[in-house]
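To start, the structure under review is shown below, and the notes come after it.
What's counted below: heavy atoms across the whole structure, side chains too, no hydrogens, waters or symmetry copies. Lettering follows sequence order; numbering is per chain, from 1.
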There are 2 protein chains.
Amino acid sequence: MSSFFSKKCEYGLQAVLYLAAQGKSSLCSAEEISNNLNIPKEFTSKILQDLTEKGIIISRKGRVGGFKLAIDASQIKLIDIVAAIDGLDIFKNCVMGFHNCNGNQKCPVHKEWMEVVEKAYRMLSQRSVDIFNNIPLDHF
Amino acid sequence: MSSFFSKKCEYGLQAVLYLAAQGKSSLCSAEEISNNLNIPKEFTSKILQDLTEKGIIISRKGRVGGFKLAIDASQIKLIDIVAAIDGLDIFKNCVMGFHNCNGNQKCPVHKEWMEVVEKAYRMLSQRSVDIFNNIPLDHF
DNA sequence: ATAATATCAGATAAAATTATCTGATTAAAA
DNA sequence: TTTTAATCAGATAATTTTATCTGATATTAT
C-alpha cells in the first residue's frame, strides 16, 4: 500500500499528460480533467493551481476558462512535474532511512540504490509529457 | 518529502539490521534498539511485534526478554522485511498511478519503469541482513 | 447589466500514517 | 513471594496526506 510518488504527484502527472494530449491551444476545465481521469474534482483544482503557480501550466479564469500547458509539451519533462509536487528528495535519500548515509559514511547498499534511483531519474528526465500523444489516455 | 518505503518499513529494516549485527544469540530489548537507532520507543515495540508475528524475529517476554532473529542473518533478505511491512505493491504498480496499466494496455513508460523496480527488487532480494556485520551501525 | 461558468483562496473534514499511552501478562531475580 | 523489567494488546493522540466545502473573483454570453 505504498507508491513511489504521492497521490498528488500521480494526479499531477496524469493531469498534465491529459493537457498535453489535448494540444496546446485548447483550454481544459478542472472538471473535464477530473471526469476523464477519475480524480476528485476539488483535488484536481488544487493540484492544477499548484502547477500553475510553478509555471508548468497556465490558467485562465472566467466563463470559458481552464488550464493549458505553459510551453510546448515536448519541453516539459515528467521530472519537472515530480520536482514541482513531491520534490526530488526521493532520489537522494537513503532507501533505509539512515540520516547519516551520505558523503564519507555510506550504508552498504548506498551505491546500488543510487544506481536504481538514477535510472528512474534519467527516465523521468528524458521523457516529456507528449508520450501519450497518440494513445487514448482515458483508458488508463 | 517522500520516500520509497514507509517510515515503519525503514524502521523495521534498521531494527532487523541492528539485531543481525548483534549476533543471533543475544536478545535486544525494544528500548535498546530505540535508543541506538533514534526510533520512537513505542513505535519500535509495535514494529518489532509485527515482525515477530511475521516470523522474521523471535520475542521473549519477561525480565531478560527482548528480540532476536528467528533464523540466521544470511537467510533473511531485505525484501522479506519490506514484504512483511509495506508489501510488494510498489514493485507492481504503475509509477503514474494509472489503474489500468497492466496486461494488454500498458502506459508508455511501463516497460522502462519495470526495469527500474526490478533492479530494486533484485538488489533487495539478494542482500541479506548481515550486510552491516562489520560496520558500526550506530553511526547511521 | 445580469447570468453563467470558470479559476482562485482559504478553511474545513476525512483518512492514513506516525507516534504515544495504559494496563495486562510473562519471567527472572531478589 | 514480591519486585523488577521486559513483551504484548488495545486504545488514544498527533501529524500528514488526501479530499471537500464555501465564498470571492474573473470573464464571457445573453
Side-chain angles (χ1 to χ4, degrees), chain A residues 1-15 19 22 26-70 82 85-87 89-90 97 99, chain B residues 1-15 19 22 26-70 82 85-87 89-90 97 99:
Chain A
M1 198 149 93
S2 60
S3 54
F4 194 75
F5 298 129
S6 70
K7 274 238 162 324
K8 205 168 164 182
C9 190
E10 287 180 357
Y11 291 161
L13 283 163
Q14 293 180 21
L19 289 175
Q22 307 311 305
S26 64
L27 286 161
C28 302
S29 71
E31 185 161 30
E32 176 189 343
I33 295 170
S34 161
N35 287 337
N36 280 286
L37 298 176
N38 287 302
I39 304 175
K41 191 189 164 205
E42 310 294 341
F43 204 21
T44 308
S45 288
K46 275 284 178 229
I47 294 164
L48 291 170
Q49 279 173 45
D50 288 352
L51 291 171
T52 302
E53 205 168 291
K54 299 279 185 176
I56 291 172
I57 61 180
I58 282 175
S59 74
R60 181 188 162 103
K61 287 186 171 186
R63 199 168 190 291
V64 291
F67 300 88
K68 65 172 185 172
L69 300 187
V82 172
I85 301 179
D86 272 0
D89 281 358
I90 200 169
H99 275 119
Chain B
M1 198 150 123
S2 60
S3 54
F4 194 75
F5 298 129
S6 70
K7 271 224 161 333
K8 205 168 164 182
C9 190
E10 288 181 356
Y11 292 161
L13 283 163
Q14 293 181 21
L19 289 176
Q22 307 311 305
S26 65
L27 287 161
C28 301
S29 72
E31 185 162 29
E32 175 189 342
I33 295 171
S34 161
N35 288 337
N36 280 285
L37 298 176
N38 286 302
I39 304 174
K41 190 187 165 208
E42 310 294 342
F43 205 21
T44 308
S45 289
K46 274 283 178 235
I47 294 164
L48 291 170
Q49 279 173 44
D50 288 352
L51 291 171
T52 302
E53 206 169 291
K54 298 281 185 175
I56 290 172
I57 60 180
I58 283 174
S59 74
R60 182 190 161 102
K61 287 187 172 185
R63 200 169 191 292
V64 292
F67 300 88
K68 64 173 187 175
L69 301 186
V82 171
I85 300 179
D86 272 0
D89 282 357
I90 201 170
H99 225 234

Notebook entry, point to check: Just how far is it from atom CG of B:L37 to atom NE2 of A:H99, taken to the nearest 0.5 Å?
Noted result: 12.5 Å
Next item on the list: Taking all non-hydrogen atoms of both residues into account, name the closest pair between A:P40 and A:S34 and its distance.
Entry: C-OG, 4.0 Å
Next item on the list: To the nearest 0.5 Å, tell me how far B:S26 OG sits from B:F67 CZ.
Entry: 13.5 Å
Next item on the list: Answer with base, sugar-phosphate or nothing: what part of the nucleic acid does A:S45 contact at a heavy-atom distance below 4.0 Å?
Entry: nothing
Checklist line | Results of ring pair (Phe, Tyr, Trp, His ring centres under 6.0 Å) for A:F5 - residues two or more places apart only | finding: none
Next item on the list: To the nearest Å, give me how far apart CD1 (B:I39) and P (C:dT20) are.
Entry: 12 Å
Item checked: Separation of D:dA11 C1' from B:E42 CD (nearest whole Å) -> 13 Å
Notebook entry, point to check: What nucleotide among C:dA19, C:dT7, D:dT20 has an atom nearest to a side-chain atom of A:S29?
Noted result: C:dT7
Checklist line | Integer-rounded Å distance: D:dT16 C1' and A:D86 CG | finding: 13 Å
Next item on the list: Search all heavy atoms of A:I33 against all heavy atoms of A:A15 and return the closest pair with its distance.
Entry: CG2-CB, 4.0 Å
Note to self: For a quick test of reading the model: is some side-chain N or O of B:Y11 closer than 4.0 Å to OP1 or OP2 of C:dA19?
What the structure shows: yes
Note to self: Reading DNA chain D from 5' onward, which residue's closest nucleotide shows up sooner: A:F5 or B:E53?
What the structure shows: B:E53
Notebook entry, point to check: In whole angstroms, how far is the P atom of D:dT18 from the CD atom of A:Q14?
Noted result: 13 Å
Notebook entry, point to check: Within this structure, what is the NZ-to-P distance between A:K46 and D:dT16, rounded to whole angstrom?
Noted result: 19 Å
Next item on the list: Round to the nearest Å and state the distance from B:K8 atom NZ to C:dT20 atom P.
Entry: 15 Å
Item checked: Length of the CD-C1' vector between A:E32 and C:dA6, whole Å -> 13 Å
Notebook entry, point to check: B:D86 side chain to B:S6 main-chain N or O, any donor-acceptor pair under 3.5 Å?
Noted result: yes
Item checked: Minimum heavy-atom distance between B:K8 and B:D50, given as atom pair plus value -> CE-OD2, 3.4 Å
Polar atoms only, N or O, under 3.5 Å: list the protein pairs with nucleotides 26-29 of chain D and their distances.
{"unit_1": "D:dT27", "atom_1": "O2", "unit_2": "A:R63", "atom_2": "N", "d": "3.0"}
{"unit_1": "D:dT28", "atom_1": "OP1", "unit_2": "A:R60", "atom_2": "NH2", "d": "2.4"}

Notebook entry, point to check: How close or far is atom P of D:dA6 from atom CD1 of B:I33, stated in whole angstroms?
Noted result: 12 Å
